[in-house]
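Taking it in order: structure first as structure tokens, then the write-up.
Since we're looking at a predicted model, the values are computed, not measured. Heads up: numbering here begins at 1 and tracks the sequence.
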Amino acid sequence: MQIQKEEVKQNIINAAMEEFLTAGYSKSSLRVIASHAGITVGNIYSYFHNKEELFETIVLPTVGRIKGLILMKLSTNNTITETSAMEVTKQIMALFNDNHNGFLILMNSAKGSKYENIRSVIQDQIKARLILDLMPQLHVKRENEILADTLSLVLLEGIINIVMKSKNEEVMMNKLICEFLILVFGDIAERL
């Protein structure tokens with residue numbers, strides 16, 4: 001009996017992922033999700049209190065992995081070398097491979113949810129990390145916050161752009177992310 005319940009719950013989650021990907025959070029419908037899962041709307045409430053809880057179940061693992069990436073310790077003095085770029089790229093690829101739909105939903109379909117401003121939240125976290133770890137190593141002191149803000153925007157949107165345009169071509173995505181990180185951060189202290 002428990003196996004059937006887990007199967008129903010997973011069917012709801014799978015149907016919800018599809019609905020959130022195509023319609024977005026604000027326009028998604030529990031009725032459509034129930035229909036695609038082959039159950040009644042009332043049965044969804046046996047597993048999730050509301051659409052928000054269902055959405056959070058899908059995106060929360062991705063949010064946690066992104067936070068982990070931002071806090072990731074780099075092997076060499078918090079600067080991006082080829083080795084550390086490969087380490088970060090490996091973690092980004094693992095996040096995307098493990099949470100592909102959750103990532104896409106979070107980045108593109110969260111309008112109307114409590115995660116609709118997730119990009120700016122992530123950017124602020126990246127900025128804080130850059131100010132703490134990278135900026136003290138640079139020669140430019142007065143403009144550090146503006147520079148960190150700009151770098152965090154470039155980093156976040158650049159990686160999202162690569163992920164979206166790579167269309168699941170893992171080898172290309174891996175190569176482009178690594179090259180992008182090196183291009184932006186490689187020897188940054190010497191260049192500034």
Side-chain angles (χ1 to χ4, degrees), residues 6-7 9-22 24-25 48 52-111 113-134 148 151-188:
E6 280 304 312
E7 185 177 319
K9 183 177 182 179
Q10 192 58 52
N11 287 342
I12 295 168
I13 290 170
N14 291 341
M17 278 191 215
E18 191 59 41
E19 176 71 356
F20 293 141
L21 280 168
T22 57
Y25 175 82
F48 302 97
E52 184 178 354
E53 182 182 356
L54 178 55
F55 187 80
E56 192 159 311
T57 298
I58 293 168
V59 300
L60 205 54
T62 304
V63 171
R65 294 281 295 272
I66 291 170
K67 285 181 182 179
L69 263 172
I70 293 167
L71 298 173
M72 182 177 163
K73 295 217 183 280
L74 299 176
S75 59
T76 54
N77 299 329
N78 294 313
T79 60
I80 298 289
T81 63
E82 187 171 345
T83 302
S84 57
M86 287 172 29
E87 288 174 31
V88 172
T89 301
K90 180 180 172 184
Q91 294 302 316
I92 292 169
M93 294 301 296
L95 179 152
F96 187 72
N97 289 331
D98 295 346
N99 303 65
H100 176 81
N101 286 338
F103 180 82
L104 295 176
I105 291 166
L106 191 62
M107 293 300 131
N108 299 321
S109 303
K111 185 177 181 185
S113 78
K114 72 180 194 179
Y115 296 101
E116 74 178 313
N117 296 318
I118 192 69
R119 285 187 186 205
S120 52
V121 170
I122 293 169
Q123 183 188 344
D124 287 345
Q125 291 172 346
I126 294 169
K127 175 183 169 183
R129 174 78 193 266
L130 291 173
I131 288 171
L132 182 67
D133 293 335
L134 180 64
L151 283 171
S152 65
L153 177 64
V154 167
L155 181 62
L156 177 62
E157 293 302 325
I159 289 172
I160 290 171
N161 188 54
I162 290 169
V163 167
M164 299 299 185
K165 292 190 175 178
S166 295
K167 306 253 190 239
N168 296 332
E169 293 180 35
E170 193 172 322
V171 173
M172 180 173 67
M173 190 185 311
N174 190 25
K175 181 178 187 255
L176 289 173
I177 290 171
C178 191
E179 288 176 355
F180 173 70
L181 291 172
I182 292 170
L183 180 67
V184 173
F185 292 106
D187 299 325
I188 193 168

* **Residue pair M86 / C178: nearest heavy atoms and the distance that separates them** => CG-SG, 3.6 Å
* Structure fact -> Correct closest heavy-atom pair for N99 and P61 would be ND2-CB, 3.4 Å
* Asked: Would you call V184 and L155 a side-chain contact if the rule is heavy atoms closer than 4.5 Å?
  -> no
* Taking R129 for the side chain and M72 for the main chain, is one N or O donor matched with an acceptor at less than 3.5 Å? -> yes
* Taking side chain as C-beta onward, heavy atoms only, is V163 less than 4.5 Å from M107? -> no
* Structure fact -> R65 and D98 have their tightest heavy-atom pair at NH1-OD2, 3.0 Å
* Structure fact -> Taken to the nearest 0.5 Å, the spacing of I13 CD1 from T57 OG1 works out to 6.0 Å
* **Spatial distance of atom CD1 (I160) from atom CG (L104) [nearest 0.5 Å]** => 10.5 Å
* Structure fact -> Rounded to the nearest 0.5 Å, the OH atom of Y25 sits from the CD atom of E56 at a distance of 9.5 Å
* **Spatial distance of atom CD1 (I159) from atom CD1 (I66) [nearest 0.5 Å]** => 10.0 Å
* Establish, from distance only, whether the side-chain atoms of E157 and N161 form a donor-acceptor pair under 3.5 Å. => no
* **Under 3.5 Å donor-acceptor, S109 side chain and F20 backbone** => yes
* To do: Apply the test side chain to side chain contact (heavy atoms under 4.5 Å, CB included) to residues L130 and F185: give CA-CA distance (whole Å), side-chain angles for both, the deciding distance (0.1 Å), then the verdict.
  => CA-CA 11 Å; L130 291 173; F185 292 106; 3.9 Å; yes
* To do: Indicate the atoms forming the closest heavy-atom contact of A148 with I131, along with that distance.
  => CB-CG1, 3.5 Å
* **Nearest-0.5 Å distance that lies between atom CG in L54 and atom CD1 in I58** => 4.5 Å
* **V171 side chain near K175 side chain, heavy-atom distance below 4.5 Å** => no
* What residue among V121, L106, T62, I105 forms side chain to side chain contact (heavy atoms under 4.5 Å, CB included) with Y115? -> L106
* Shortest non-hydrogen contact between A110 and E116, atoms and distance -> O-CB, 3.4 Å
* Between K165 and L176, is any pair of side-chain heavy atoms under 4.5 Å apart? -> no
* Between CE of M172 and CD1 of I162, what distance do you get to the nearest 0.5 Å? -> 9.5 Å
* Check the surroundings of atom CD in Q91: do more than 12 heavy atoms from other residues, nucleotides or ligands lie under 6.0 Å from it? => yes
* **Nearest heavy atoms of V154 and F180, plus distance in Å** => O-CZ, 3.3 Å
* To do: Decide yes or no on side-chain hydrogen bond (donor to acceptor under 3.5 Å, both in side chains) for Q10 and N14, but give the supporting numbers first.
  => CA-CA 6 Å; Q10 192 58 52; N14 291 341; 3.0 Å; yes
